[in-house]
Colleague: 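I have a structure here, written as structure tokens, and I will follow up with some questions on it.
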Amino acid sequence: MSVRVRFAPSPTGYLHVGGARTALFNWLFARRQEGTFILRIEDTDVERSREEMTEAILEGMRWLGLSWDEGPFYQSQRRDRHKETGRKLAASGHAYACFCPPAELKERREEAERKGVAWKYERVCLALPAEEVERRIASGAPHALRFRVPEGTTTWEDRVHGSTAFANETLEDFVLLRSDGTPTYHLSVVSDDVGMRISDVIRGDDHLSNTPKQILLYQALGMPTPTFAHLPLILGPDKKRLSKRHGAVAVTEYREAGYLPEALFNFLALLGWSPGDGREFLPREELVRLFSFDGVGKKGAVFDEQKLQWLNSQYIQAMPVAVIRESIRSELQAKGLWDPSLEGDRGAWFEQVVEILKARSRKLSDLARDCAIFLGERIEFSSEAVAKHLQDSATIQRMKELRTALAEVEPFDEASTEQSLRKVAERLGIAAAKLIHPLRVALTGQAISPGVFAVLVLVGRERALQRIDRLVQYLEARPPQPS
RNA sequence: GGCGCUAUCGUCUAGGGGUUAGGACGGGUGGUUCUCAGCCAUCAAACCGGGGUUCGAAUCCCCGUAGCGCUACCA
């Protein structure tokens, strides 16, 4: 029997990491089992659904590489089938008309809530004589269709939680069709899952208590139930379900922040699942190969951005520089630092730049930011760097000496420039660091940077000399420093 | 309130009757060095509580406790 799974988001917001993780497990399972992954948009809540959110969700899924095989299907376009399923249930005696005014029921529910007692629909309309029901329906009385919950216990073998049971008496006769004839969630979901021949329902833990109701619907319909797997929720640092309150939750926000889809994918898979052998860096194909519900935990997992950053850095390290260049191109363009020559004449040079930057980057945005010292024409001196390395008034003269040496050194490579600088330091009787740090500030404006000689060579002799000149001018223009 | 789910280092987890309770992130320390990162070495850090069962329980059972989720004519 072929595996058919679905991801069924509501288009009420962007694709958040919790939803993405649910989609991801569905995807992994489908790929592992060589099954079918179906995308179904549950847009039947007209109040909250926004059409443009559907596109945002699709965009998030494409970015993460969660390709679907069928769909997207729209639940709102399948209403007639849902209603038909409801009518079938009524015809077979599994559902009945309820004429109770919703406002009245709501009031009683709230009153029970206030008193702190349990309340469920008392089945007043179930007791109505058949003739009266017919008469009232014929007279056009508004009515909902309620499912008649049978006696007994509903159990299933959850792929994550194992054997799970609910006493049916804790369930109320829930509404299938509203008074206006529209189907409710449980009816729509089961109707669609049956219609789409879904074999395995993989969703968040928040649906665990919906499951008995839905199983009852399958049984009333005479349909085989799918297997269920309820994934633990993703939590914020306060251990509550991750939400906007905790910061970034949309997958697109992670893209903007400089994370790679491969890293987020890997991270999300590890959130609640473990291969068991301690490996952490697991590219997509490996994940597909290893995935099994055996490794899925039952406990909610806190989203730890530190670990995501670490994984991201691992993917950056593993990425060919040419690919990194493509990935940061739009960000460089946005900063006005991009030039077509970076893919042409200066391609090899730029790859060296990326090479020395990548080991120190946890996010692509770090890398793109650090490119500025090589691509930008002007650099700004950071106040920390100035305070730390430019206080000595002898620096002006030292930089002039260094400039002279660097103007002549041949070849202009790391080894020779370093040798040259050290020679100057020796001649002046000072530690090399007294030249290195101001040089770093001259070249990068920062107190921290990659190895200063690597930077020097990549900046190039001409620009390096200009930057040293600028530093000297800056220091000379500066009012005398209090000693 | 009712129902349900869950419980191993700060975090993600491995282990499932006898282990020095393992790994990873993060943190500490030391080394490399021109800074930072990286890398290498190294350290600290956990079985929610109480009862059973057993020669022996983190592991099995029960009871608590805590956290979370659901409790609509929302999805």
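Proteins get letters first, then strands, A, B, ... in listed order; numbering begins at 1 in each.
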Colleague: Quick check on contacts: within residues 143-152 of chain A, what sits under 4.0 Å from RNA chain B by heavy-atom distance?
Modeller: A:A144, A:R146
Colleague: Using only modelled atom types and a 3.5 angstrom limit, is any donor from either the side chain of A:E113 or the base of B:G1 paired with an acceptor on the other?
Modeller: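 It does not, because no donor-acceptor pair links the side chain of A:E113 to the base of B:G1 below 3.5 Å.
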Colleague: Quick one: which protein N/O atoms are closer than 3.5 Å to N/O atoms of nucleotides 26-29 of chain B? Pair and distance per line, please.
Modeller:
from, atom 1, to, atom 2, distance (Å)
B:G26, OP1, A:R362, NH1, 3.3
B:G26, OP1, A:R362, NH2, 2.9

Colleague: Mind checking what makes ring-ring contact (aromatic ring centres under 6.0 Å, His included) contact with A:H94, not counting sequence neighbours?
Modeller: none
Colleague: Give the residues of residues 226-244 of chain A touching RNA chain B, defined as any heavy atom closer than 4.0 Å, sorted by residue number.
Modeller: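 Of all residues in residues 226-244 of chain A, the ones placing a heavy atom under 4.0 Å from RNA chain B are A:L233, A:K239, A:K240, A:R241.
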Colleague: Closer than 4.0 Å, any side-chain N/O of A:R279 to the OP1 or OP2 of B:U13?
Modeller: no
Colleague: Give me the residues of residues 8-26 of chain A where at least one heavy atom lies under 4.0 Å from an atom of RNA chain B, by number, or none.
Modeller: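 Those residues are A:S10.
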Colleague: My understanding is that only residues two or more places apart in sequence, or in another chain, count here; which of them pass side chain to side chain donor-acceptor pair (under 3.5 Å) with A:S191?
Modeller: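 A:T85.
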Colleague: Restricting to ring-ring contact (aromatic ring centres under 6.0 Å, His included), what partner residues turn up for A:H389, sequence neighbours left out?
Modeller: A:H437
Colleague: Got a sec, which residues hit side chain to side chain donor-acceptor pair (under 3.5 Å) with A:S416, two or more places apart in sequence or on another chain?
Modeller: A:D413
Colleague: Mind checking salt bridge (Lys or Arg N to Asp or Glu O under 4.0 Å) for A:D294 and listing every partner two or more places apart, or none if nothing turns up?
Modeller: none
Colleague: By side chain to side chain donor-acceptor pair (under 3.5 Å), which residues pair with A:H143, not counting sequence neighbours?
Modeller: none
Colleague: Output all residues satisfying ring-ring contact (aromatic ring centres under 6.0 Å, His included) with A:F265, sequence neighbours left out; order by chain, then residue number.
Modeller: A:W27
Colleague: Could you name each residue pair satisfying side-chain hydrogen bond (donor to acceptor under 3.5 Å, both in side chains) that touches residues 274-284 of chain A, not counting sequence neighbours?
Modeller: A:D277-A:R279, A:R279-A:E286, A:E280-A:K307
